Novice: 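Before I ask anything, let me first share the structure, which is written out below as structure tokens.
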Amino acid sequence: MMPELKPEAISLLERVKSFVSEEVLPKEHLFHEQIKVGSERWNHYPEIIDELKTKAKAEGLWNLFLPESEFGAGLSNYEYAHLAEEMGKSHIASEAMNCSAPDTGNMEVIARYGNESHQEEWLKPLLNGDIRSAFSMTEPGTASSDATNMQATAVLDGDEYVINGEKWWTSGAGDPRCKILIFMCVTNPDNPKHQRHSMILVPMETEGV
Amino acid sequence: MMHVFGYDDAPHGHAHMKFTNVRVPKENLLLGEGRGFEIAQGRLGPGRIHHCMRAIGAGEVALELMCKRGIDPNKVAFGKNLAQLGANFDYIAESRIELNAARFLTLDAAAKMDTVGNKVAASEIAQIKVFAPNVALKIIDRAIQIHGGEGVSQLTPLASMYAHMRTLRLADGPDEVHRRAVARYELGKYMS
């Protein structure tokens, strides 16, 4: 049997529903019209996104995905699932409410495992919707469906990791607002298969990216 | 930048990137060396629920478009509404049944995650990651068909929805990886 939704979740669901149908869907066409062509295509994003984000934030429809967290709405997965269905009705609704992939998963990871300075530098602006992020996992040279195959490496050299490798399908990395990558790579090649890889934060502006 | 069925998905985009002697402070390592998969397990559970529920939302949109087209008085062929022609009537019913099934399965997986955690709910999470995108894709495909040529054009959202949903059968692990997890779980019950 399906659990019943708490009254707060029901009211949030109703608000997300009307936000998507009254604010987002009628403006979806602007998103497409505002995408640029030529050399500006990848250093610009549609103005309608900021307009919708400002509205969503003012209405408290913001960062709804973070479960039991000091930063988010504190919804369970079950409760948030109902909201996600509504967001799925427009391809820009999730971003309007700062609930879009891959930022959601990345924010969870930085909230859980990042140190204070990571949270200050990356988590805060992500939660605020000022920057975006990407997740670099899949590689062109290997069968990435078996994630243990990934070959990119990070080697410790003094106080720094030196990263080498090639990734594709890093979704979201084209956006001019994308400032941080979570990068999956081999750090311990001699460990058992599932303990060879690590995740490292790589700022997009680092030399060599 | 890479293309998906010809879409570049600007401004988001899907990048093919090279990393050559990229230096970052050692503090940028998350959790600890060799613990990447541990993080990945935690990261992908909720993400799969989100993806699947958004897929169901997209399926709802496709079903709505299919029904509206089916009864559009301007689109009468061979003396009938499109909804009354061929298999369309059944497609509409099948789409509703499959969409509801996908929703129940996904909500059930979400409820299990909340009560017993990602690890115990792993088979359920894998099941929905196969089922929901496939259901949504099938419904989008039927909606395209009832729209005729318009369905694959830029005049409805269906073509880009199709491209996105087809990709979701590969993103966050292809169907086969999730089926493998489900099958291993089932066989595991009988292996000592």
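Proteins get letters first, then strands, A, B, ... in listed order; numbering begins at 1 in each. Quick caveat: nothing in here was measured; it's all calculated off a predicted structure.
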Novice: Pick one of side chain, backbone, both or neither for A:Val209, based on which atoms fall under 4.5 Å of a heavy atom in chain B.
Specialist: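 Both parts, backbone and side chain.
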Novice: Would you say B:Phe89 has more than 12 foreign heavy atoms packed within less than 6.0 Å of its CZ?
Specialist: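 12 or below, so no.
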Novice: Roughly how far, to the nearest 0.5 Å, is CD of B:Glu38 from OG of A:Ser198?
Specialist: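 The OG atom of A:Ser198 sits 10.5 Å away from the CD atom of B:Glu38.
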Novice: Please determine, among A:Glu108, A:Arg112, A:Glu28, A:His82, the option with the most heavy-atom pairs under 4.5 Å with chain B.
Specialist: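 Of A:Glu108, A:Arg112, A:Glu28, A:His82, A:His82 has the most heavy-atom pairs under 4.5 Å with chain B.
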Novice: Which bit of A:Met204 is near chain B, if near means a heavy-atom gap under 4.5 Å: side chain, backbone, both or neither?
Specialist: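 Interface part for A:Met204: side chain.
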Novice: Between B:Glu33, B:His51, B:Lys18, which residue shows the highest count of heavy-atom pairs closer than 4.5 Å to chain A?
Specialist: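 Option with the greatest count: B:Glu33.
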Novice: I need the B:Lys26 NZ to A:Asp159 CG distance, nearest 0.5 Å.
Specialist: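 These two atoms lie 4.0 Å from each other.
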Novice: Supply the atom-to-atom distance A:Glu160 CD to B:Glu27 CD, rounded to the nearest 0.5 angstrom.
Specialist: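 Here the interatomic distance stands at 9.5 Å.
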Novice: Taking all heavy atoms of A:Lys167 and all of B:His16, pick out the closest pair and write down the distance.
Specialist: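 Taking every non-hydrogen atom into account, O-CD2, 3.3 Å.
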Novice: Determine, step by step, whether B:Phe19 and A:Ser136 satisfy the side-chain contact (heavy atoms from CB on, under 4.5 Å) criterion, reporting the C-alpha distance in whole Å, the side-chain angles of both residues, the deciding distance to 0.1 Å, and the verdict.
Specialist: CA-CA 11 Å; B:Phe19 299 78; A:Ser136 277; 4.1 Å; yes
Novice: I need the residue from B:Val4, B:Asn21, B:Ile49 with the largest number of non-hydrogen atom pairs under 4.5 Å to chain A.
Specialist: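 Option with the top pair count is B:Asn21.
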Novice: Which is it for A:Ile163 and B:Val24 under the side-chain contact (heavy atoms from CB on, under 4.5 Å) test, yes or no, and what are the steps along the way?
Specialist: CA-CA 8 Å; A:Ile163 294 171; B:Val24 299; 4.1 Å; yes
Novice: Return the option, out of A:Thr153, A:Leu201, A:Val186, with the maximum number of heavy-atom pairs under 4.5 Å with chain B.
Specialist: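 Heavy-atom pair counts peak at A:Leu201.
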Novice: Determine whether B:Ser160 and A:His91 make a side-chain contact, defined as any pair of heavy atoms from C-beta on separated by less than 4.5 Å.
Specialist: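 Answer no - side chains too far apart.
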Novice: Just how far is it from atom OH of A:Tyr80 to atom CG of B:Asp114, taken to the nearest 0.5 Å?
Specialist: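 The CG atom of B:Asp114 is 13.5 Å from OH of A:Tyr80, to the nearest 0.5 Å.
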Novice: Heavy-atom cut-off 4.5 Å, strictly under: side chain, backbone, both or neither for A:Trp169 against chain B?
Specialist: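 For A:Trp169, heavy atoms of backbone and side chain both lie under 4.5 Å from chain B.
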Novice: If I measure from the heavy atoms of chain B, does A:His32 come under 4.5 Å with its side chain, its backbone, both, or neither?
Specialist: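 For A:His32, neither part sits under 4.5 Å from chain B.
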Novice: Evaluate A:Glu85 against B:Thr106 for side-chain contact (heavy atoms from CB on, under 4.5 Å), listing each step before the verdict.
Specialist: CA-CA 11 Å; A:Glu85 176 176 347; B:Thr106 308; over 6 Å; no
Novice: Name the region of B:His164, side chain, backbone, both or neither, that has any atom closer than 4.5 Å to a heavy atom of chain A.
Specialist: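 Looking at B:His164, nothing touches chain A.
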Novice: Walk me through it: do B:Arg54 and A:Ser94 pass the test side-chain contact (heavy atoms from CB on, under 4.5 Å)?
Specialist: CA-CA 9 Å; B:Arg54 285 191 296 254; A:Ser94 307; 3.4 Å; yes
Novice: Only pairs of heavy atoms separated by less than 4.5 Å count here; which of A:Thr148, A:Thr104, A:Thr138 has the most with chain B?
Specialist: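 The answer is A:Thr148.
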Novice: Could you grab the distance from atom CG of A:Asn115 to atom CG of B:Asn28, nearest 0.5 Å is fine?
Specialist: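 It comes to 8.0 Å.
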Novice: For residues B:Pro11 and A:His44, determine if any side-chain heavy atom of one lies less than 4.5 Å from a side-chain heavy atom of the other.
Specialist: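 They are not in side-chain contact.
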Novice: Under a 4.5 Å cutoff for heavy-atom pairs, which residue among A:Ala93, A:Cys185, A:Cys178, A:Ala173 has the most contacts with chain B?
Specialist: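 Of the options given, most contacts go to A:Ala173.
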Novice: For residues 143-155 of chain B, which residue pairs qualify under side-chain hydrogen bond (donor to acceptor under 3.5 Å, both in side chains), counting only residues two or more places apart or in two chains?
Specialist: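 Residue pairs passing side-chain hydrogen bond (donor to acceptor under 3.5 Å, both in side chains), neighbours aside: B:Arg69-B:Glu150.
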Novice: Counting only heavy atoms closer than 4.5 Å, note whether B:Pro46 contacts chain A via side chain, backbone, both or neither.
Specialist: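 Both the backbone and the side chain of B:Pro46 come within 4.5 Å of chain A.
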Novice: Given that the side chain runs from C-beta out, which part of A:Ala134 has a heavy atom under 4.5 Å from chain B: side chain, backbone, both or neither?
Specialist: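 Contact with chain B involves no heavy atom of A:Ala134 at all.
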Novice: So which residue, B:Arg103, B:His14, B:Arg180, B:Arg23, ends up with the most heavy-atom pairs under 4.5 Å with chain A?
Specialist: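 Looking at each of B:Arg103, B:His14, B:Arg180, B:Arg23 in turn, B:Arg23 comes out on top.
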Novice: Are more than 12 heavy atoms from other residues, nucleotides or ligands located less than 6.0 Å from atom CD of B:Glu186?
Specialist: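 Buried by this count: over 12 neighbours within 6.0 Å.
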Novice: In the structure I gave you, are the side-chain heavy atoms of A:Trp42 and B:Asp8 within less than 4.5 Å of one another anywhere?
Specialist: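 A:Trp42 reaches B:Asp8 side chain to side chain.
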Novice: State the NE2-CD distance between A:His194 and B:Gln41, to the nearest 0.5 angstrom.
Specialist: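 It comes to 8.0 Å.
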Novice: So what's closer than 4.5 Å to chain B heavy atoms on A:Glu86: side chain, backbone, both or neither?
Specialist: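 The answer is neither part of A:Glu86.
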Novice: Between B:Leu170, B:Val177, B:Leu107, who has the most heavy-atom pairs with chain A when the cutoff is under 4.5 Å?
Specialist: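 Most heavy-atom pairs under 4.5 Å with chain A: B:Leu107.
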Novice: Measure A:Leu181 against the heavy atoms of chain B and call it side chain, backbone, both or neither at under 4.5 Å.
Specialist: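 Looking at A:Leu181, just its side chain touches chain B.
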Novice: For A:Thr206, which atoms come within 4.5 Å of any heavy atom of chain B: side chain, backbone, both, or neither?
Specialist: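 Looking at A:Thr206, just its side chain touches chain B.
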Novice: Pick one of side chain, backbone, both or neither for A:Asp146, based on which atoms fall under 4.5 Å of a heavy atom in chain B.
Specialist: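 Looking at A:Asp146, nothing touches chain B.
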Novice: Does atom CZ of B:Arg179 have more than 12 heavy-atom neighbours, drawn from other residues, nucleotides or ligands, at distances under 6.0 Å?
Specialist: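 Yes - once you tally the heavy atoms of other residues, nucleotides and ligands closer than 6.0 Å, there are more than 12.
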Novice: More than 12 non-hydrogen atoms from neighbouring residues, nucleotides or ligands closer than 6.0 Å to OH on B:Tyr91, yes or no?
Specialist: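 No, the 6.0 Å shell around OH holds no more than 12 heavy atoms from other groups.
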Novice: Quick check: does any side chain N or O of A:Asn77 sit under 3.5 Å from a backbone N or O of B:Ala110, one acting as donor and the other as acceptor?
Specialist: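 Looks like no, no N/O pair under 3.5 Å.
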Novice: If I measure from the heavy atoms of chain B, does A:Pro102 come under 4.5 Å with its side chain, its backbone, both, or neither?
Specialist: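 Contact with chain B is through both the backbone and side chain of A:Pro102.
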Novice: Identify the residue among A:Met184, A:Lys193, A:Arg196 that makes a side chain to side chain contact (heavy atoms under 4.5 Å, CB included) with B:Phe37.
Specialist: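 So, applying the side chain to side chain contact (heavy atoms under 4.5 Å, CB included) to B:Phe37 and each of A:Met184, A:Lys193, A:Arg196, only A:Met184 qualifies.
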Novice: A:Cys99 versus chain B, heavy atoms under 4.5 Å apart: side chain, backbone, both or neither?
Specialist: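 Only the backbone of A:Cys99 comes within 4.5 Å of chain B.
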Novice: Ignoring hydrogens, what is the shortest heavy-atom contact between A:Met199 and B:Ile39? Give both atom names and the distance.
Specialist: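 Between these two residues, the closest heavy atoms are SD-CG2, 3.6 Å.
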Novice: Please check if atom CD in A:Glu33 has more than 12 non-hydrogen atoms from other residues, nucleotides or ligands closer than 6.0 Å.
Specialist: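 It does: A:Glu33 CD has more than 12 such atoms within range.
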Novice: Name the region of A:Asn164, side chain, backbone, both or neither, that has any atom closer than 4.5 Å to a heavy atom of chain B.
Specialist: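 Interface part for A:Asn164: both.
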Novice: Less than 4.5 Å to any heavy atom of chain B: does that hold for the side chain of A:Asn43, its backbone, both, or neither?
Specialist: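 Neither; nothing under 4.5 Å.
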Novice: Using non-hydrogen atoms and a 4.5 Å limit, figure out which bit of B:Ala40 sits close to chain A: side chain, backbone, both or neither.
Specialist: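 Its backbone and side chain both get close to chain A.
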Novice: Between B:Met1 and chain A, with a heavy-atom cut-off of 4.5 Å, which part of the residue counts as in contact: side chain, backbone, both or neither?
Specialist: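 Contact with chain A is through the side chain of B:Met1 alone.
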Novice: Hey, are the side chains of A:Met87 and B:His50 touching, using non-hydrogen atoms and a 4.5 Å cut-off?
Specialist: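 No. Closest side-chain heavy atoms not under 4.5 Å.
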Novice: Count the heavy-atom pairs under 4.5 Å between each of A:Leu83, A:Asn188, A:Asp157 and chain B, then report the option with the highest count.
Specialist: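 Option with the greatest count: A:Asn188.
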Novice: Tell me the closest heavy-atom pair linking B:Met53 and A:Ala84, and the distance in Å.
Specialist: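 Looking at all heavy atoms of both residues, the shortest contact is CB-CB, 3.7 Å.
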